[in-house]
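Residue numbers count from 1 along this sequence.
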Amino acid sequence: MMWDGGGWAVGWMVPLMSVSFVLWWVLVIAVVLAVLRWWRMSEAGAGPQQDARQILDLRFARGEIDADEYATRRRAMTER
């Protein structure tokens, strides 16, 4: 007796294989994007202290704070 392999088994296997194929590529792309994002962040070396200093420098350059306030805040950041 030979098994046909057709019938109801083919009815649900084709959609299941299609969905799993799409999910596999979504997973691969998500992992690649996560690795690229992590690599860019680690390469930039962006830490919270550096970001705060850059924001302070930007505010001083824009004229939002004066030189005394800039110096005071800069000293406070380096004391931590």
Original post:
Any salt bridge between Glu79 and Arg75, counting N to O under 4.0 Å?
Top reply: no
**OP:** Determine the minimum heavy-atom distance between Arg53 and Arg74, stating which atoms define it.
**Re:** CD-NH2, 3.1 Å
Subject >> Rounded distance [0.5 Å steps], CE in Met77 versus CD1 in Ile55 >> reply: 9.5 Å
Subject >> Value rounded to 0.5 Å, distance of CD1 in Ile65 from OG1 in Thr72 >> reply: 9.5 Å
**OP:** Go through the steps to decide whether Met17 and Val14 satisfy the test side-chain contact (heavy atoms from CB on, under 4.5 Å), and finish with yes or no.
**Re:** CA-CA 5 Å; Met17 288 172 48; Val14 172; 5.8 Å; no
**OP:** State the CG-CD distance between Leu56 and Glu64, to the nearest 0.5 angstrom.
**Re:** 10.5 Å
Subject >> Spacing of CG belonging to Leu23 relative to OG belonging to Ser18, to within rounding of 0.5 Å >> reply: 11.0 Å
**OP:** Examine Phe21 and Leu27 and state if one hydrophobic cluster contains both, with Ile, Leu, Val, Met, Phe, Trp and Tyr joined whenever side-chain heavy atoms are less than 4.5 Å apart.
**Re:** yes
Subject >> Shared hydrophobic cluster, Leu33 / Val28 (ILVMFWY, side-chain heavy atoms < 4.5 Å) >> reply: no
**OP:** Please step through side-chain contact (heavy atoms from CB on, under 4.5 Å) for the pair Asp57 and Tyr70, ending with a clear verdict.
**Re:** CA-CA 8 Å; Asp57 291 344; Tyr70 175 80; 2.6 Å; yes
